[in-house]
Each structure stands twice: as C-alpha cells, then as structure tokens.
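The block underneath contains the structure these notes are about, expressed in structure tokens.
Just so you know, ligand 1 is whichever comes first in the structure, and atom 1 is the first atom listed for that ligand.
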Amino acid sequence: MVHQSLKVGHAVCGRTAISDDTGRVFGGKPARLGYFPWQVRLRTYDGKVGGGALVSDGWILTAAHLFDGSRQTTVHGGIVNLQGLSPEKALPVEDAFLHPNYRPQADGSEPNFEHDVALVKLRARAKLGANLSPVCLPAAGETSPLRAGRLGYITGWGKTEVRDRPIFLQYAEVPVVGMDKCRGLDYRGKRPRFTDNMVCAGQPGTDSCQGDSGGPFVLRDLRHPSRHVVRGIVSFGPQQCGSYGVYTHVGRYLAWIVKTMREHGSWEDEETRA
Ligand code: ARG
C-alpha cells in the first residue's frame, strides 16, 4: 500500500475575501461568506457547540475539550448563517483524534486546558470553493510565544454582548497580549493552568466567549500577506467574557497535527497512487 501524499500546507490556504471591512464574538461583527472560509461549526453528540477550522480538504482543527463525552460530531462548513442548517448539509465525519496528553482536570480539581487540541477527520474530502477552503497551518518551528501586539481574527457563533447564540458568524480583530493578562482574570475561585502551550489574546470589549471554543485565531502570514495562518484555538477564559481569552498555541502542536493527518489521512473512496 502506498500512502497518499498529504498536502499539509495546502497550495491555496488562508485566503480571505475580507478587504477593508476590518474594524478593528464579543465586540465583533457579522462575517460574510468567504471572509473566513475555513470556519466550521461543530456540535458534539452531547450537544456542545463550538467552532473549528478546515486545515485541508479532509481535516478540521478544533479543541479537545469539546469532546469530553462522545467523539461523535456534526460539522457544517461553508456557511455564515445558522438558520436552516439541515443534517443533510453536514460534512460527514469519520473520526475525532484528541491530543494524547490532553487531561481535563489533571489533578482532579483545577481546570486544565493544557494540550486542548483535536483533529476531526471527514469521511470524504470536502468540495472546496470560495466559501469553504482551508486556513494555513503554521510553519515548522513556529513554537515561540507570539509577539504581544500582533493582531489576528477570532470567529465564532458563540455568545455576544447581545445574544447567547447569534445566527450569523461573528468576527473580531484582537491583539496577542502577555500571559499575565490572562492569569490575572477572575476564574471564580478556580486556578486553571497556564503554560507556554497557550496564547493570551483579546482586549477590553473584544473577546471570544462561550460557544466559540475550538474556533481559530488566525494571523496574517508575514511572508505571504494574502494568507492567514491558524495560530490559536479558542480554549478557555473567565466566565465573564469581554477582556482576554486563552488559546491553544497551534505552532506547538504542528508535529502532532502533521503526524496524525499522515497516519490517518487516506480515504477509502480514493485510488492509491504511487
Ligand atoms: N470554553 C469556552 C467555550 O467552550 C470558550 C471561552 C472563551 N472565553 C473567553 N473569555 N475568551 O466556548
């Protein structure tokens, strides 16, 4: 059996139709089709909702904590409007792979979102187009802390200041900030763990929130400014949204991501090529 060569770092990735509509979720605005064509919406078997990002035509990057129960999920992509979502339009899922070291509440009491990363494999390659296309993965070695002040987009159907479940995908631009900003927030007496595998981002008034988990935090590729790269995954934050949130540092997991996609990245319906 010859393995299918996997196009990690897709030839065309991270392209957005967003132009100058950037203003500067919580404090966000509704996205149009094609602005964030990698954004997908997940619903797990136990009814948890969140986001994810297409990283190839067959794989979605998301957060592990969405799968605390079952691995079964429903995925919708290529949409901004949740109204009229039908199960028939879902992208069929084959399996979900959680990071092997992800242990919620490692010591049995305090929240632990360390290694909050998962990959969802689609049962067949998705049909890509202007409204559905992958975001770029970080380059190998992009493991150092993200520079404070760098701006990126967060996206999701999570809670906003006016609705618990907005109908339209929301987006906002937020800066990377130092981890001390996230550490200093009120977690209602809980003491979550903070590590270098996490990124803190946000600003007063603009943040991700409940329901955005698993969704991407994308930064412009400095070398290819027309491309966006997924550098974070919405992971956790204080119950009270609206300041800073913690994101999984995707660059730290590139090796696991590539390995998982390689090991499990063939599709039954396709011919194996030499
Ligand atoms: N864990 C949340 C979710 O399940 C994400 C919360 C992010 N919170 C924040 N203040 N940024 O959707």
**Asked** Between atom CZ of F36 and atom CD of Q170, what is the distance when rounded to the nearest 0.5 Å?
**Response** 11.0 Å
**Message:** Test your reading of the model: is there a side-chain donor-acceptor pair from H76 to the backbone of S86, 3.5 Å cut-off?
**Reply:** yes
**Under 3.5 Å donor-acceptor, W267 side chain and L122 backbone** = yes
**Message:** If only side-chain N and O atoms count, and only distance matters, is there a donor-acceptor pair under 3.5 Å linking Y35 with T155?
**Reply:** no
**Fill in**
Note: ligand 1 atoms sitting under 4.0 Å from heavy atoms of G245 are 11 (N)
**Prompt:** What about the rings of F97 and W256, do their centers lie closer together than 6.0 Å?
**Reply:** no
**Request:** Answer with side chain, backbone, both or neither: which part of H65 has a heavy atom less than 4.0 angstrom from an atom of ligand 1?
**Result:** side chain
**Request:** Indicate whether the side chain of Y253 and that of H115 have a donor and an acceptor atom separated by less than 3.5 Å.
**Result:** yes
**Identity and distance of the protein heavy atom lying nearest atom 2 (C) of ligand 1** = S213 OG, 2.8 Å
**Stepwise side-chain contact (heavy atoms from CB on, under 4.5 Å) test for V49 and R43** = CA-CA 4 Å; V49 289; R43 176 187 282 275; 3.8 Å; yes
**Item:** Which segment of S243 sits under 4.0 Å of ligand 1 when only heavy atoms are counted
**Value:** neither
**Prompt:** If you measure from atom 6 (C) of ligand 1 to every heavy atom of C209, G202, S208, which option wins on shortest distance?
**Reply:** C209
**Message:** With respect to D207, determine whether any N or O atom, backbone or side chain, lies less than 3.5 Å from an N or O atom of ligand 1.
**Reply:** yes
**Request:** For D212, take its heavy atoms, then give the atoms of ligand 1 lying under 4.0 Å from any of them.
**Result:** 12 (O)
**Request:** State whether the shortest distance between N or O atoms of G211 and N or O atoms of ligand 1 falls below 3.5 angstrom.
**Result:** yes
**Asked** By number and element, which atoms of ligand 1 are closer than 4.0 Å to a non-hydrogen atom of G237?
**Response** 7 (C), 8 (N), 9 (C), 10 (N)
**Asked** Where's the contact between P238 and ligand 1, heavy-atom distance under 4.0 Å: side chain, backbone, both or neither?
**Response** both
